[in-house]
Visitor: 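Here's a structure for you.
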Amino acid sequence: FSPDGKRSVTASRDQTAVVWDAQTGVALARSLKHAGAILSARFSPDGKRIVTASEDHTARVWDAQGGQPLSEPMHHTNVVRSAQFSPDGSWILTASEDHTARLWDAQTGQPTTPPLSHQGNVYSAEFSPDGKRVATASWDCTARVWDTQTGRPLTPPMKHDSWLASARFSLDGRWLVTAS
């Protein structure tokens, strides 16, 4: 949902994302298109942009009203599982099957740090509520917490006995919960 709750966006295996009026169910924009299935679509904090993640190895930023692309594609070397805006809307965070999460400038689509690397596919990446840290969860059976300014790990790997599906911060950013 958009921050005001009036619009929603859906991602689809048919290579499109659609913006909907959340109260009437009327499609508002259909031109959010990738060359592969879209696995994730999220609004920016101000509701003016949408970021999508795709099996075509890219993430894209779109105008939420008209559906036009606002940046060049952000490239990974494998499927991009998810993409989201930072709490202030200035960065994009992607999680990919190329064993990395990446931080990007939301205006230019350029990387802002080195890749946040794991030994396996990264299935989940999320900003802390204050936007200063990122949590990642990977097929390599670990979760990590990273600094958004430098891209350096802030914790040792948090190990599970099997692959991780997600890692999420508590609302105050003090705790991290992982799912395996």
Side-chain angles (χ1 to χ4, degrees), residues 2-3 9 11 17 32 34-36 38-64 67-140 142-158 164 166-176 178:
S2 59
V9 61
L32 288 65
H34 278 265
I38 298 175
L39 303 177
S40 169
R42 290 199 181 174
F43 282 97
S44 61
D46 64 7
K48 295 180 179 178
R49 297 168 293 163
I50 293 168
V51 63
T52 53
S54 174
E55 287 184 348
D56 70 5
H57 305 186
T58 69
R60 295 285 310 249
V61 177
W62 310 86
D63 176 72
Q68 298 85 7
L70 296 176
S71 72
E72 292 299 312
M74 293 166 273
H75 291 276
H76 278 266
T77 59
N78 207 326
V79 171
V80 182
R81 306 274 327 157
S82 67
Q84 67 176 270
F85 287 93
S86 60
D88 68 1
S90 62
W91 293 332
I92 303 276
L93 173 62
T94 55
S96 175
E97 292 184 12
D98 67 4
H99 302 190
T100 70
R102 296 294 311 253
L103 286 159
W104 311 83
D105 182 291
Q107 297 300 321
T108 66
Q110 296 301 308
T112 61
T113 67
L116 313 178
S117 295
H118 279 267
Q119 298 300 310
N121 297 346
V122 178
Y123 287 118
S124 170
E126 180 174 296
F127 284 101
S128 62
D130 64 7
K132 293 180 180 178
R133 294 166 295 151
V134 165
T136 55
S138 173
W139 181 262
D140 69 6
T142 68
R144 298 292 301 257
V145 176
W146 310 81
D147 182 278
T148 56
Q149 293 293 322
T150 65
R152 292 190 181 127
L154 295 172
T155 65
M158 294 171 262
L164 277 83
S166 68
R168 301 283 185 256
F169 286 98
S170 60
L171 291 177
D172 64 4
R174 184 172 174 204
W175 302 97
L176 187 71
T178 57

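Values reported hereafter were calculated over all heavy atoms of this structure, with side chains retained and with hydrogens, waters and symmetry mates removed. Predicted, not measured: the structure shown is a model, and the values here were computed from it.
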Visitor: Can you give me the closest heavy-atom contact between Leu154 and Arg133, atom names plus distance?
Guide: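 Where Leu154 meets Arg133 most closely, the heavy atoms are CD1-CG, 3.6 Å.
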Visitor: His75 and Trp104: which non-hydrogen atoms are nearest, and at how many Å?
Guide: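 In terms of heavy atoms, the two residues are closest at O-CH2, 3.4 Å.
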Visitor: Parallel, tilted or perpendicular for Trp91 and Phe127, by the 30°/60° rule?
Guide: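 Ring orientation of Trp91 relative to Phe127: parallel.
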Visitor: Are Thr136 and His118 packed together at the side-chain level, in the sense that at least one heavy-atom pair is separated by less than 4.5 angstrom?
Guide: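 A side-chain contact under 4.5 Å exists here.
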Visitor: With a 4.5 Å cut-off on side-chain heavy atoms, are Val61 and Gln107 touching?
Guide: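 SC-SC contact between Gln107 and Val61 ruled out.
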Visitor: Find the distance between CZ (Arg152) and CG (Asp147) and round it off to the nearest 0.5 Å.
Guide: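 If I round to the nearest 0.5 Å, the distance is 8.5 Å.
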Visitor: At what distance, to the nearest 0.5 angstrom, does CG of Leu116 lie from OG of Ser96?
Guide: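 Going from CG on Leu116 over to OG on Ser96, the span is 11.5 Å.
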Visitor: Apply the test side-chain contact (heavy atoms from CB on, under 4.5 Å) to residues Ile92 and Phe85: give CA-CA distance (whole Å), side-chain angles for both, the deciding distance (0.1 Å), then the verdict.
Guide: CA-CA 5 Å; Ile92 303 276; Phe85 287 93; 3.4 Å; yes
Visitor: What's the separation between atom CD in Gln84 and atom OG1 in Thr94, rounded to the nearest 0.5 Å?
Guide: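 Separation between the atoms: 10.0 Å.
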Visitor: Would a distance-only check, ignoring hydrogens and angles, find a side-chain to backbone donor-acceptor pair under 3.5 Å from Arg49 to Gly89?
Guide: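 Side chain of Arg49 to backbone of Gly89, a donor-acceptor pair under 3.5 Å: yes, one is there.
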Visitor: Roughly how far, to the nearest 0.5 Å, is the OG atom of Ser166 from the CD atom of Glu126?
Guide: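 Going from the CD atom of Glu126 to the OG atom of Ser166 covers 8.5 Å.
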Visitor: For Val145 and Met158: C-alpha separation, side-chain torsions, deciding distance, then whether side-chain contact (heavy atoms from CB on, under 4.5 Å) applies.
Guide: CA-CA 9 Å; Val145 176; Met158 294 171 262; 3.7 Å; yes
Visitor: If you look at every heavy atom in Pro111 and Arg102, which pair is closest and at what distance?
Guide: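 What the structure gives for the nearest pair is CB-NH2, 3.0 Å.
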Visitor: Is there a donor-acceptor pair closer than 3.5 Å between any side-chain N or O of Ser54 and the backbone N or O of Thr58?
Guide: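 A pair under 3.5 Å: no.
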Visitor: If you compare all heavy atoms of Pro45 against all heavy atoms of Pro3, which two are closest, and at what distance to 0.1 Å?
Guide: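 Shortest heavy-atom separation between Pro45 and Pro3 comes out as O-CG, 2.8 Å.
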Visitor: How about Trp62 and Leu70: do any of their side-chain heavy atoms sit closer than 4.5 Å?
Guide: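 When only atoms from C-beta onward are counted, Leu70 and Trp62 do not touch, as no gap falls below 4.5 Å.
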Visitor: Hey, what do you get for OG1 (Thr112) to CD (Gln149), rounding to the nearest 0.5 Å?
Guide: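 The CD atom of Gln149 is 8.0 Å from OG1 of Thr112, to the nearest 0.5 Å.
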Visitor: Is a side-chain donor-acceptor pair under 3.5 Å present for Arg168 with Ser124?
Guide: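 Their side chains do contain a donor-acceptor pair, which is all the 3.5 Å distance test asks for.
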Visitor: Rounded to the nearest 0.5 Å, how far does OG of Ser128 lie from CG of Leu171?
Guide: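 Answer rounded to 0.5 Å: 12.0 Å.
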Visitor: Taking all non-hydrogen atoms of both residues, which atom of Arg60 and which atom of Pro69 are closest, and how far apart?
Guide: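 Scanning both residues, the minimum pair turns out to be NH2-CB, 2.8 Å.
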Visitor: Hey, is the main chain of Ala53 close enough, under 3.5 Å, to the side chain of Ser40 for a donor-acceptor pair?
Guide: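 Checking the backbone N and O of Ala53 against the side chain of Ser40, no donor-acceptor pair under 3.5 Å is found.
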Visitor: Please find the pair of heavy atoms, one from Ala17 and one from Thr52, that lie closest to each other, and give the distance.
Guide: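 Looks like CB-CG2, 4.1 Å.
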Visitor: What I'd like to find out is whether the side chain of His99 reaches to under 4.5 Å of the side chain of Asn121, using heavy atoms alone.
Guide: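 His99 reaches Asn121 side chain to side chain.
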Visitor: Restricting to pairs with a member in residues 68-83, which pass salt bridge (Lys or Arg N to Asp or Glu O under 4.0 Å), not counting sequence neighbours?
Guide: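 Matches after skipping sequence neighbours: Arg81-Glu97.
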Visitor: Can you check side-chain contact (heavy atoms from CB on, under 4.5 Å) on Ser138 and Leu164, steps first, answer last?
Guide: CA-CA 5 Å; Ser138 173; Leu164 277 83; 6.0 Å; no
Visitor: Scan residues 83-95 for pairs that pass salt bridge (Lys or Arg N to Asp or Glu O under 4.0 Å), counting only residues two or more places apart or in two chains.
Guide: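 Found none.
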